[in-house]
Amino acid sequence: MNWKKNIAVLTALGISLVSMAQVEADSELFQTLKEKDSILFDAAFNTCDINTLNAMFTEDFEFYHDKGGLTTGRNTFVEQIKEGCNNRIAGEPQPAKRHLVAGSLEVFPLYKNGELYGAIQNGVHTFEFLNEKKEYQKGDIAKYTHLWILEDGSWKIKRELSYDHQLQQ
């Protein structure tokens, strides 16, 4: 009789592990959040699209950065990006570029009572910065984690962690 109980426990454990596993890269959830990730960093680094940025974060957004500290609130965070964009001289190249490291993106769905309500997205990205000659040079490589929440049918970032910043070799 104990073997039946053991099989039931192992089956339940296996099902729970599968349900918490990372989704496949070709899944709709993965592709949706990969696209959102691209839109986010394009708006922040390339186009300075403040309207897009405002739509991508929850009002109570929190940003944790291992070098820059904690930023609380969507408005505060977006205002910092806006200020940086406003300080750029028209016609000048973008001072920084962000690149997602190929194959580094992971997405883990979050469920409550069998209903998808959010996802955790992890990745690694690299940065390039302009030097005094206006040439891009390697900057940091870092890990990041986004906590995405479905809010009124739209995916929004509630929490972001940016950590393990190291100079690229």
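For clarity, every value in this text was computed on a predicted model and none was experimentally measured. Numbers for residues simply follow the sequence, beginning at 1.
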Hydrophobic cluster membership, Leu105 vs Tyr163, 4.5 Å side-chain cutoff: no

With heavy-atom distances below 4.5 Å as the criterion, would you say the side chains of Phe61 and Glu160 are in contact? yes

Of Ile157, Asn54, Asp60, Thr58, which meets side-chain contact (heavy atoms from CB on, under 4.5 Å) against Arg74? Asn54

Locate the shortest heavy-atom distance separating Pro109 from Val23; write the atom from each residue and the value. CD-CG1, 3.5 Å

Do the side chains of Gln22 and Phe108 get nearer than 4.5 Å, heavy atoms only? yes

Value for NE2 (His65) from CG (Leu70), rounded to nearest 0.5 Å, stands at 12.0 Å

If you round to the nearest 0.5 Å, how far is OH of Tyr117 from OH of Tyr111? 11.0 Å

Within this structure, what is the CE-CZ distance for the pair Met56 and Phe77, rounded to the nearest 0.5 Å? 11.0 Å

Heavy-atom closest pair, residues Ala43 and Thr47: CA-OG1, 3.3 Å

Applying the 4.5 Å side-chain criterion to the ILVMFWY set and letting contacts propagate, would Leu33 and Leu150 be lumped into a single cluster? yes

Got a second to check how far Trp148's CH2 is from Leu116's CG, nearest 0.5 Å? 13.0 Å

For Ile149 and Lys156: C-alpha separation, side-chain torsions, deciding distance, then whether side chain to side chain contact (heavy atoms under 4.5 Å, CB included) applies. CA-CA 5 Å; Ile149 299 295; Lys156 296 189 177 192; 5.6 Å; no

CG/Leu53 to CG/Asp49 distance, rounded to the nearest 0.5 angstrom? 6.5 Å

Heavy-atom closest pair, residues Val107 and Gln121: CG2-CG, 4.2 Å

Are there more than 12 heavy atoms of other residues, nucleotides or ligands under 6.0 Å from atom CD of Gln31? yes

Just say parallel, tilted or perpendicular for the rings of Phe127 and Phe45, cut-offs at 30° and 60°. tilted

Side-chain heavy atoms of Lys143 within contact of Asn122, under 4.5 Å: no

Taking the side chain as C-beta and beyond, is there a heavy-atom pair between Leu29 and Trp155 under 4.5 Å? yes

Would you say His146 and Leu40 make side-chain contact, with heavy atoms under 4.5 Å? yes

For Glu28, does the CD atom have more than 12 heavy-atom neighbours from other residues, nucleotides or ligands under 6.0 Å away? no

Check whether any side-chain heavy atom of Phe63 sits under 4.5 Å from a side-chain heavy atom of Gln80, and report yes or no. no

Lys138 side chain to Leu167 main-chain N or O, any donor-acceptor pair under 3.5 Å? no

Minimum heavy-atom distance Ala25-Phe30, with the two atoms named: O-CD2, 3.1 Å

For the side chain of Asp42 and the backbone of Asn46, is there at least one donor-acceptor N/O pair under 3.5 Å apart? no

Arg98 charged N/C atom sitting above Phe41 aromatic ring, 6.0 Å / 45°: yes

Side-chain donor-acceptor contact under 3.5 Å, Asp66 with His165: yes

Please check if the number of heavy atoms outside Glu115 that lie under 6.0 Å from its CD is greater than 12. no

Hey, could you give me the CD1/CZ distance between Ile120 and Arg159, rounded to the nearest 0.5 Å? 12.5 Å

For Lys133, salt bridge (charged side-chain N to carboxylate O under 4.0 Å, His left out) partners two or more places apart: none

Min side-chain heavy-atom separation Val124-Asp164 under 4.5 Å: no

Check the hydrophobic clustering (I, L, V, M, F, W, Y; side-chain heavy atoms under 4.5 Å; chains of links allowed) and say if Phe57 and Tyr64 are grouped together. no

How about CD on Glu35, more than 12 heavy atoms from neighbouring residues, nucleotides or ligands closer than 6.0 Å, or not? no

